[in-house]
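Just below is one structure, and these are the notes that go with it.
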Protein chains: 2
Amino acid sequence: MLNNSHSLFHAVHQLSRQLTKQLNEALEPFGLYNAQWAVLYVLKANGALTQKELCEYLAVEAPPMTRTIQRLMKQGYIDQRTGLDKRKKFIHLTSKAESEFPKWEKAVLEANQVLITSLPKGSQDAIYSILSEWLIGIKQQVKTVEEEAIFND
Amino acid sequence: MLNNSHSLFHAVHQLSRQLTKQLNEALEPFGLYNAQWAVLYVLKANGALTQKELCEYLAVEAPPMTRTIQRLMKQGYIDQRTGLDKRKKFIHLTSKAESEFPKWEKAVLEANQVLITSLPKGSQDAIYSILSEWLIGIKQQVKTVEEEAIFND
DNA sequence: AACAACTAATTACCTAGGTAACTAATTTAT
DNA sequence: ATAAATTAGTTACCTAGGTAATTAGTTGTT
């Protein structure tokens, strides 16, 4: 039974660190890190996207995304193409990335499998829906608090 | 309904970032960051601890803890005393920290309140118990996998 | 047509947390 | 008693993510 918010927040934080740690270990043989994998995964699933769109999909600010993209480019897994709007940079998976992707995905799925075995399917669905709802709630709440702050200026 | 592990892990990760971000904002007026607050909170609740013990309580490796402690010391909120075993450093809250603590706690609790309003009490308990179980499971699982790896050497 | 406002991306700099390699103190074995 | 192994903490260096300030390109206004 939960007696305070500290414990809950701490558990979330700790879990997040465990997950990324294990994922990084799984990706290590390929010279990839979890932030890079996240980008590759989104690009594979959605096709070419601008950096802005990638930021929105992954809920990350622009500067870390710039860095991750520059690294992936250096490794030859993506390329940038500017469109009509020269500010926008569309990010594409290279054929090199396309051909490596299945290996990466396999390693990641195996790691995820290990991480998730101790969580019964029912709990998986429960936790996912609670977390999703909570995230939405937090974003609204934060927005509201900010607006009140502006209003009170 | 959860269709893959990526979504779940991503939700956990994103939530963790939201929570620390909001907590940092709440602590900003006091010149504190969430990692420092975590240490202060544990020391207040448990009394003096060695750095090793602090690491275990907060599930953090030693190097980041060293850094957090050095910062808190510079701010005059803690002091180190070596015991009989000269390797161990016991960390104490200073009276300055003790007198400031209630203000910090109030700010943190208010922030936590905002973050948790969108999560019904039932969901709080549900999520906390699932997360706790899951964390335990992951640690066992990871340990097992490592042992198998050693065995197969 | 020219100036103002906005937008996408980058740069510089901050905190958090991780591993590997090291130092100093303490146990354990021989 | 001394050499070897272990332990607590530190240092150096890595990735991740955040904010603030800047640049270049685009839109809107007048």
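Quick note on labels: first sequence line is chain A, next is B, and so on, each numbered from 1.
- Around CD of E105(B), the count of heavy atoms belonging to other residues, nucleotides or ligands within 6.0 Å exceeds 12.
- Residue-to-nucleotide proximity on DNA chain D shows that, of N24(A) and K21(B), the 5′-proximal contact is made by N24(A).
- Identified under the salt bridge (charged side-chain N to carboxylate O under 4.0 Å, His left out) test for residues 88-99 of chain A, with sequence neighbours left out: K44(A)-E98(A).
- Residue pairs meeting the ring pair (Phe, Tyr, Trp, His ring centres under 6.0 Å) criterion with at least one member in residues 59-94 of chain B, sequence neighbours excluded, are Y77(B)-W104(B).
- A donor-acceptor contact shorter than 3.5 Å links the side chain of N4(B) to the backbone of S7(B).
- Within residues 80-92 of chain A, the residues approaching DNA chain C are Q80(A), R87(A), K88(A), K89(A), by heavy-atom distance under 4.0 Å.
- The side-chain contact (heavy atoms from CB on, under 4.5 Å) test applied to E53(A) returns L49(A), T50(A), not counting sequence neighbours.
- Of the residues in residues 27-47 of chain A, none has a non-hydrogen atom less than 4.0 angstrom from any atom of DNA chain C.
- Of all non-hydrogen atoms in I116(A) and S5(B), the two that sit nearest each other are CD1-CB, 4.2 Å.
- Atom pair I69(A):CD1 and dA9(C):P shows a separation of 8 Å (rounding to whole Å applied).
- Nucleotides of DNA chain D with any atom under 4.0 Å from a heavy atom of chain A span, from 5' to 3', dT15(D) to dT26(D).
- Where H13(A) and R67(A) each meet DNA chain C at their nearest nucleotide, the meeting point lying more 5' is that of R67(A).
- Remark: Q70(A) is not in phosphate contact with dA9(C), judged by side-chain N or O atoms under 4.0 Å from OP1 or OP2.
- Electrostatic pairing of K106(B) and E110(B) counts as a salt bridge here, judged by a charged N lying under 4.0 Å from a carboxylate O.
- By the side-chain contact (heavy atoms from CB on, under 4.5 Å) test, H13(A) pairs with R17(A), S16(B), T20(B), sequence neighbours left out.
- Residues satisfying the side-chain hydrogen bond (donor to acceptor under 3.5 Å, both in side chains) criterion with K86(A), sequence neighbours excluded, are absent altogether.
- Among residues two or more places apart in sequence or in another chain, the ring-ring contact (aromatic ring centres under 6.0 Å, His included) test is passed with Y41(A) by W37(A), H6(B).
- Residues from residues 50-60 of chain B that place a heavy atom under 4.0 Å from any atom of DNA chain D, listed by number: T50(B), Q51(B), K52(B).
- In this view, T117(A) and Q113(A), Q141(B) satisfy the side-chain contact (heavy atoms from CB on, under 4.5 Å) rule, not counting sequence neighbours.
- With sequence neighbours excluded, the residues satisfying side-chain contact (heavy atoms from CB on, under 4.5 Å) with P63(A) are E61(A).
- The two atoms that bring L40(A) and L32(A) nearest to each other are CD1-CD1, 3.9 Å, heavy atoms only.
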